[in-house]
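Quick notes on the structure that follows.
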There are 2 protein chains.
Amino acid sequence: MKSKKRTTIYDIAEKLNIAASSVSRALSNSNHVNEATKKLVLKTAAELNYKRNTLASNLRKGKSKTIGVVVPFINQNFFSNVIAGIEEASYQKGYNLIICQSNELQSKEVKCVNTLINQHVDCIVISLAVDSSDHSHLQNAMDNGIELIQFDRVADELETLKVINDNEQASFEAVSHMIEQGYKRIALLEGPQNLQIFRQRKAGYLNALIRHEMPVLDELIIENAWTKELGANATRKLLNLPNPPDAIFASTSDFSALGVLEVASVMGIKVPSALGICGYSNEAFTEITSPSITTIDQFSVYMGKTVANLYFQEMENKDETEVVPKIISIKPKLIVRSSTQKRGV
Amino acid sequence: MKSKKRTTIYDIAEKLNIAASSVSRALSNSNHVNEATKKLVLKTAAELNYKRNTLASNLRKGKSKTIGVVVPFINQNFFSNVIAGIEEASYQKGYNLIICQSNELQSKEVKCVNTLINQHVDCIVISLAVDSSDHSHLQNAMDNGIELIQFDRVADELETLKVINDNEQASFEAVSHMIEQGYKRIALLEGPQNLQIFRQRKAGYLNALIRHEMPVLDELIIENAWTKELGANATRKLLNLPNPPDAIFASTSDFSALGVLEVASVMGIKVPSALGICGYSNEAFTEITSPSITTIDQFSVYMGKTVANLYFQEMENKDETEVVPKIISIKPKLIVRSSTQKRGV
DNA sequence: TAAATATCCGCAATCGATTGCAGATTAAAA
DNA sequence: TTTTAATCTGCAATCGATTGCGGATATTTA
């Protein structure tokens with residue numbers, strides 16, 4: 001059973017006593033082949049359980065109908081949703097997906113990208129690892145004729161197609177909402193500032209404060225608080241300040257916000273009356289904590305579909321004069337829940 | 001920049017005035033090539049930014065170093081974790097992953113498998129769609145020399161490698177635990193019985209009742225309650241019985257258990273004192289509901305690693321006489337949390 | 001009926017890397 | 001110095017599908 005030889009177009013050709021090229025044309029439904037032979041070939045192919053060897057086909061045609069995806073972790077909600085979206089759109093176009101995870105490591109990211117180049121993927125879709133600084137591996141992919149699309153965590157300086165969230169706007173809205181709810185001292189848990197998304201979220205926070213003529217207090221801005229544990233640590237530190245915050249915007253993730261909630265709960269601090277909490281991402285669990293957590297929905301599945309469709313559109317128009325690096329920005333949505341409803345609805 | 005011609009071994013050969021075969025040997029680190037030329041080739045390859053064309057290599061060698069994965073949904077926690085595990089183990093061995101989702105549809109599952117056959121993947125890893133009944137597409141893959149590994153949702157009659165959970169045992173333990181906590185009327189939310197995993201979970205439930213000399217009450221067994229909504233519906237029905245259950249085992253999923261919890265909460269029924277709840281899968285959220293939900297951990301990432309390593313082991317031994325279809329059973333772990341602690345710890 | 005066109009079909013090259021085989025060169029043994 | 005063995009290298013075939021080109025046949029037009 002194992003590694004039995006598969007039937008090729010030559011087997012079909014031999015059986016029907018015609019040339020392999022005719023078989024090929026029949027199978028690819030070319031119109032340079034007689035309708036009768038076409039039928040015959042198709043019938044014989046089915047009988048012999050013929051499966052086209054995509055490798056050979058791709059080698060000859062110089063394209064693989066494959067999209068490579070590189071994300072930090074496959075099993076993080078946001079990324080698995082984006083991938084699901086990409087898969088859905090790609091499947092309809094007959095494209096395959098090769099998935100890699102960078103584990104947030106630049107070194108592994110580079111290896112993944114190189115593998116994908118070797119695999120002759122037509123397109124690489126990537127969301128950068130947190131410690132990604134040098135981007136020559138991406139330039140390299142482009143130099144090898146691979147379309148590159150960045151999403152969410154993008155390197156601004158690279159001129160590629162991009163699909164991003166309007167992080168600054170979303171952040172601005174979230175903080176404005178908290179201000180309107182009457183919170184006066186809003187702390188920020190920020191992510192690694194080498195990533196643009198976290199810089200943008202910080203900018204939105206700062207803008208909101210300034211717009212509402214509120215002071216920016218450095219002691220309320222905590223760096224690198226982007227996991228549940230780091231969020232919890234940051235919260236302990238914040239709540240033990242002589243003049244603690246009355247709200248915390250966990251701009252990094254909902255996990256971080258969860259850490260905040262747990263610490264508040266342990267310290268007996270009432271949410272949302274004594275402490276407002278806002279997360280980021282709209283993870284499934286934010287709906288079922290008590291109180292439920294206000295957060296920001298990124299439309300991750302839709303984002304994935306957008307990425308894939310952007311590629312397909314680009315392919316259709318690629319013969320046109322000049323391709324302008326396109327950036328699609330998806331507007332995230334603030335989901336107001338209990339954790340910030342100080343003054344009710 | 002686009003679709004520029006890539007450097008091949010012929011380019012290197014030409015530049016160095018040697019044969020392409022020597023370049024190939026140098027690049028694959030064969031010992032049938034002079035150390036000096038090897039160095040030279042490697043150097044030149046780097047200079048010309050050479051990338052091996054894996055398609056051509058695979059075509060020639062007749063293997064693709066690629067594993068195809070088919071799951072119902074990529075973005076379901078359990079599956080994305082398994083995939084992450086597979087990726088981790090595969091990456092170390094230099095294997096790539098092609099990911100497909102069947103969307104729980106047999107028809108799409110068939111297409112996915114066929115695509116993977118065309119792609120000449122070396123191995124297909126699959127967890128069946130819920131409506132998967134006919135399995136000729138899988139047999140087909142095997143007939144084409146592809147190693148097949150089923151995990152979690154497996155077709156028993158197909159003689160393949162399998163990695164499964166001991167669902168019956170886990171189920172048995174969960175129900176026994178509830179009995180020991182003093183629950184007397186334990187309902188079962190069961191999943192589609194065409195899937196073995198759900199049959200096994202039901203069997204474990206029944207065994208536990210029998211072993212503890214408790215009656216099996218048909219009115220407490222609800223079919224097809226495997227989503228949050230269906231779980232909620234089932235719960236409403238159960239709790240409105242003249243003689244309602246005092247515990248519900250949502251054997252299908254934690255989502256189903258969440259539906260139970262929400263209905264109980266709305267109806268003002270105290271958990272765990274008036275109603276015990278147990279889920280299945282140890283989704284992240286089960287830890288943070290109030291009360292937290294007792295559930296069963298399936299070690300999903302580990303399961304993925306096990307699947308991949310099973311394949312690699314099999315490859316190493318494949319020349320040995322006869323390969324016995326191996327089945328690896330992973331023992332899940334009951335995670336006791338508040339929702340079933342009627343009599344405390 | 002002859003000429004012009006359309007429709008099919010097959011030959012052979014091609015995509016890029018690998019590998020068995022044979023010849024060439026060098027090193028070791030007699 | 002000659003024979004034998006070891007080490008390199010190149011030639012050419014191969015993996016399976018695709019495609020430009022030219023020839024053969026069928027169809028249409030003059």
Side-chain angles (χ1 to χ4, degrees), chain A residues 3-42 44-45 48-66 115 117-122 144-145, chain B residues 3-42 44-45 48-66 94 117-122 144-145:
Chain A
S3 72
K4 205 179 51 180
K5 205 167 161 317
R6 303 193 186 189
T7 53
T8 69
I9 53 169
Y10 297 100
D11 299 325
I12 300 178
E14 194 177 8
K15 179 155 187 187
L16 294 179
N17 225 14
I18 59 176
S21 48
S22 297
V23 177
S24 172
R25 281 189 265 257
L27 290 170
S28 56
N29 203 22
S30 153
N31 49 357
H32 288 290
V33 65
N34 190 296
E35 204 57 41
T37 25
K38 194 184 286 186
K39 282 239 172 60
L40 201 58
V41 167
L42 257 30
T44 317
L48 297 179
N49 193 22
Y50 168 79
K51 305 276 172 193
R52 168 192 265 121
N53 186 330
T54 321
L55 273 71
S57 172
N58 291 341
L59 173 61
R60 179 60 229 256
K61 296 204 279 197
K63 61 194 301 281
S64 63
K65 277 208 157 198
T66 299
T115 309
I117 297 176
N118 289 352
Q119 287 282 340
H120 269 236
V121 296
D122 296 334
N144 277 287
Chain B
S3 71
K4 206 179 52 181
K5 206 168 160 316
R6 302 192 186 188
T7 54
T8 68
I9 53 169
Y10 297 100
D11 299 325
I12 300 178
E14 194 177 8
K15 179 154 187 185
L16 294 178
N17 226 13
I18 59 177
S21 48
S22 297
V23 177
S24 172
R25 281 189 266 259
L27 289 171
S28 56
N29 203 22
S30 154
N31 48 358
H32 289 289
V33 65
N34 190 296
E35 205 57 42
T37 23
K38 193 183 286 186
K39 282 240 172 58
L40 201 58
V41 167
L42 257 31
T44 316
L48 297 178
N49 193 22
Y50 168 79
K51 305 276 173 193
R52 168 192 266 121
N53 186 330
T54 321
L55 273 72
S57 172
N58 290 341
L59 173 60
R60 180 58 230 254
K61 295 204 280 196
K63 61 193 302 279
S64 63
K65 277 206 157 199
T66 299
I117 296 176
N118 289 351
Q119 288 282 341
H120 269 235
V121 296
D122 296 334
N144 278 286

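Below, read A as the first sequence line, B as the second, and so on, with proteins coming before strands; counting in each chain starts at 1.
- Residues of residues 34-42 of chain A that place a heavy atom closer than 4.0 Å to DNA chain C, in numerical order, are A:Asn34, A:Thr37.
- Residues A:Asn53 and A:Arg6 are not in side-chain contact: their nearest non-hydrogen atoms beyond the backbone lie 4.5 Å or more apart.
- Spacing between atom CG of B:Leu59 and atom P of D:dA13 amounts to 17 Å, rounded to whole angstrom units.
- For the pair A:Val41 and A:Ile18, the minimum side-chain heavy-atom distance is below 4.5 Å.
- For the pair A:Leu16 CG and C:dC8 C1', the computed distance is 16 Å after rounding to whole Å.
- Within the 4.0 angstrom heavy-atom criterion, only backbone atoms of the sugar-phosphate kind lie near A:Ile18; the bases stay farther away.
- In this structure, a donor-acceptor pair under 3.5 Å is present between the side chains of B:Asn29 and B:Lys38.
- Heavy-atom minimum distance, A:Leu59 versus B:Ala56: CD1-CB, 3.8 Å.
- The shortest distance between side-chain heavy atoms of B:Asn58 and B:Lys63 does not fall below 4.5 Å.
- Considering only heavy atoms from C-beta on, A:Leu40 comes within 4.5 Å of A:Leu16 through its side chain.
- Looking at B:Tyr10 and B:Val23, their side chains never come closer than 4.5 Å, going by heavy atoms from C-beta outward.
- Across the protein-nucleic acid pair, B:Asn31 atom CG and D:dA6 atom P stand 14 Å apart, rounded to whole Å.
- For A:Thr54 (side chain) and B:Asn118 (main-chain N/O), a donor-acceptor pair under 3.5 Å exists by modelled atom type.
- Atom NZ of B:Lys65 is separated from atom P of D:dC15 by 22 Å (rounded to the nearest Å).
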Which atoms of nucleotides 24-26 of chain D (N or O only) lie under 3.5 Å from a protein N or O atom, and what are those distances?
none

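- Between the NE2 atom of B:His32 and the C1' atom of C:dA22 there is a distance of 14 Å, given to the nearest Å.
- Within the 4.5 Å cutoff, the side chain of A:Thr44 has no heavy atoms near those of the A:Tyr50 side chain.
- Looking at heavy atoms from C-beta onward, A:Arg52 lies in side-chain contact with A:Ser28 at the 4.5 angstrom threshold.
- Inter-residue side-chain proximity for A:Thr7 and A:Ile12 is flagged as unmet; no heavy-atom pair is nearer than 4.5 Å.
- The separation between A:Asn118 atom CG and C:dC15 atom P is 19 Å, rounded to whole Å.
- The distance between atom NZ of B:Lys63 and atom P of D:dT14, rounded to the nearest whole Å, is 23 Å.
- Counting any heavy atom pair closer than 4.0 Å across all strands shown, B:Asn58 reaches no nucleic acid atom.
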So which protein N/O to nucleotides 17-20 of chain C N/O distances come out below 3.5 Å?
| unit_1 | atom_1 | unit_2 | atom_2 | d |
| --- | --- | --- | --- | --- |
| C:dA17 | OP1 | B:Tyr50 | OH | 2.5 |
| C:dA17 | OP1 | B:Asn53 | N | 3.2 |
| C:dA17 | OP2 | B:Ile9 | N | 2.7 |
| C:dA17 | N7 | B:Tyr10 | OH | 2.8 |
| C:dA17 | N6 | B:Tyr10 | OH | 3.3 |
| C:dT18 | OP1 | B:Arg52 | NE | 3.2 |
| C:dT18 | OP1 | B:Arg52 | NH2 | 3.3 |
| C:dT18 | OP1 | B:Ser57 | OG | 3.3 |
| C:dT18 | OP2 | B:Ser24 | OG | 2.9 |
| C:dT18 | O2 | B:Arg60 | NH1 | 2.1 |

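- Rounded to an integer number of Å, the gap from NE2 of B:His120 to C1' of D:dC15 is 10 Å.
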